[in-house]
Amino acid sequence: MAASTRKYRVVNNPTVYVGTFIHSPRDDARKLDICEDGAIGVNPDGVIEFVERDVQALDAVLDKYPGYKGADVVRTQPGGTQFFFPGFIDTHIHAPQYPNAGVFGSTTLLDWLNKYTFPTEASFSSLAVARTNYTRCVARTLANGTTTAAYYATIHVPATNLLADICSAAGQRAFVGRMCMDHRGLNPDYYRDETADESVANTCLCIDHIKSIDPSYELVSPIITPRFAPSCTEELLTKLGKLARETNLPCQTHIDENHGEIQLVAELFPEHESYAALYDACGLLMPKTILGHAIHLSNREMELIRDSGAKIAHCPVSNSALTSGGAKVRWLLDCGITVGLGTDVSGGFSVSMLETVRSTALVSRHVAMTDGEHCKLSVEESLYLGTRGGAKVVGLEDKIGGFEVGMEWDAQLIGLEMVRKEEAVEEKAEFAADEVLDKLAFESCREAGPVDVFGWESWEDRVAKWVYNGDDRNTLAVWVKGRKTLFHYPTFIDYDNLRHIPPISKSTISKISYIQGQTKVYKQPQIIKMLSTVARRSALTAVQRRLASTAAHPPPSTMHTPINAGLHNMHSSRPALGFYTARLGRTLTLVVPGAALLAWPFATRALGYSTSWA
Ligand SMILES: O=c1[nH]c(=O)c2nc[nH]c2[nH]1
C-alpha cells in the first residue's frame, strides 16, 4: 500500500478526564501522586492542556477552559475502584517470540536461542506468519496497558515493516528494530544475515519504510538493533554504531545476561577488556542506547555505561525464567544509571508489564536476601520504573510516563472490583445452598477481574493489590496520544492494507460493559456483533459454571442424583428468541429463555458502568 493512503481518520474531540488519577511524581520514585478529584483536559492532538486538582464542579473547570465547552467527558466510576494511570512502557520485547511465550522448559540463554528462538524467528520469512503473530502481539500488549514498546523484530525486511504498520494502525507507540546478526559460526545458516553490509542495507530499508509511514516518528520509530555481541561480527557492530550516530536513531541490544554468554564474548573478542568495552569500542554506547538485562556487570562496565549515558532495560521475568540471574537494580540506580522495565517476551513468559512490575518488586526481594534490605524495591518504585523510568529509557520523558501539562495522554483506566457488603450478616448463621451457589457462580467473581477490594483500603493499598493480583481484566481502556486504542480501532483505521479486527478475548467482558456506556461506539455494527457474541458466551459460561458447581457441590436434595449438566439448543439463529434447556440429571430440566440469557451479563455488570459515564 502506498504510504500516502495510510492515514489516520481519527479526529479526537477535546476530552476532559475526570476522577482519580495516580502517577509517579517525575523526580520521586518512592511515592505515588494520588489525585482523587481531578480533571485533565486533553486537546485534539492528544496533549494535556490542563491538570486541575480538588475539582468540586466540572462546570467551573469548563468555564475556566472555554475551549473544552462541549468536550467529551470520561469519568472514573465513583466509589474508589477506578483510576487513570499512565500507560506502561515496555523497553525490551521480542515481538516475533510472542507465540513462544511460556515455552522455555529448563533451558538457559544459549540453548534456548537454538532450541526455541531461532526456529520461530526464522518462520517470519512468511508474511502470513508475521501478520498473525504480530497482530496478536500488539493487541495483547495494548490490552495489558502497554502504550509504548521497544520491539525487536527479525532479520526479515517485509515482516519488520509489517510490524511497524501494525503498530501504526493499532495506535501503539513503538520502536521497531530489524534484527541484525551476521556471525557465520554462531547463528544458524537458516537464519542470519549473509554479510555485515547486507545487514546494514536491510536495516536502512526498514528505516526508510518507517519514515514513509510516520515521517516525524510521531508514533513509530526505527531502532538500530544488533542482536547481541555473539551474533555479530565486529565489522557489523561498528557499522551499526556508525549508522546509529549518523541517523541519530536509538539503538538496542543485550548485555551481560548469562555467564555462558559472557564467556563466549570474552573468547570471541579477546582484545576487548569486557562486553561493555566491546560495545563502547564499536560506538554503540551512547545516550540513546538501551541495553537489555545487564545482570552481571562489573564495576568498570557499570562506569562505562553510566559515563556513556546508555540506559538499561531490566527484565526480571526473563532473568528468572531462563535462570540468568538477579540484576542489582538498586545498585544501578544508586550509581546513577537510568533503568526501565522490559517483559523480554519470550525469555519472559508474559506480555504483561504489570507482571513485570510485580516481578521487579519480587526479584528485588531475592536480591535483598543476599545483598541486604536496601535492595528491596517497593510497589511505588517498581511502578515508577515501568512508567517514568521507561520513558527516560526510550528518550520520551517529556512526553509520556506521567500526567503533566504538555505531556501526551498515554493512559490506562484501571478498574478494581468492590466486593458487595453483606446486609446484617451477623444475624445470619448460615447461607442457604442457593445463596452459596449464587456467590460462587453468579457474583461476577471471574468476569470482574482478579482484584477484590472491600472498602477499607487506602489508595496505596488498592494500587498494591492491583500490582500483586491484577491482570489485563483490570485494564478497562487504553489511550495513546489521546486516542482510545483497541475498541476504537475500527473507527479510525483506513483498512486498505490491514483489514483486521482486533481479537476479542473472554477476559474483555468488563471492557465491553464499559464500552456500552459510549453510544458512539455502541452504534458500530462490528462492535454490536462482538458485544452480542461475548455477552452470549459469557452468559452461557456462567450457566455452565453454575451447573458444574452444582455437580461438584450438590445441595442435599440432589446428593444422590447423577448430574449430567449440559446446555442444548445453543445454536439457534435467533438466540434471543429461543429457549435453552439445561438438564440436571435425568429428572430435572431447567428451561432458560434466550432473552434472559442474553440480558444477564448486562443486567449484572453493565448497569454499574453505564451510570458513571457522562
Ligand atoms: O533474552 C534474550 N532474548 C533474545 O532473543 C536474545 N538474543 C540474544 N540474547 C538474547 N536474550
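What's counted below: heavy atoms across the whole structure, side chains too, no hydrogens, waters or symmetry copies. First listed ligand is number 1; within each ligand, the first listed atom is number 1. Sequence positions, counted from 1, serve as the residue numbers for this chain. For clarity, every value in this text was computed on a predicted model and none was experimentally measured.
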Pairing donors with acceptors under 3.5 angstrom, does anything connect the side chains of Thr107 and Tyr116?
no
Identity and distance of the protein heavy atom lying nearest atom 1 (O) of ligand 1:
Asp344 OD2, 2.7 Å
Among all protein heavy atoms, pick the one closest to atom 7 (N) of ligand 1 and tell me residue, atom and distance.
Arg227 NE, 2.8 Å
Taking only heavy atoms of [X], which atoms of ligand 1 are found under 4.0 Å from at least one of them?
| X | value |
| --- | --- |
| Gln97 | 4 (C), 5 (O) |
| Leu113 | 4 (C), 5 (O), 6 (C), 7 (N) |
| Phe228 | 8 (C), 9 (N) |

Grab the two heavy atoms, one from Ser199 and one from Asp193, that are nearest each other, plus how far apart they are.
OG-OD2, 2.7 Å
Could you work out, for atom 4 (C) of ligand 1, the closest of Glu257, His94, His92 by heavy-atom distance?
His94
Parallel, tilted or perpendicular: rings of [Y] and [X] (30°, 60°):
| X | Y | result |
| --- | --- | --- |
| Phe85 | Phe83 | perpendicular |
| His293 | His254 | parallel |
| Trp466 | Phe88 | parallel |

Please confirm whether Glu121 comes within less than 3.5 Å of ligand 1 when only nitrogen or oxygen atoms on both sides are compared.
no
Min N/O separation Trp112 to ligand 1 under 3.5 Å:
no
Between Tyr134 and Phe124, is the ring centroid distance below 6.0 Å?
yes
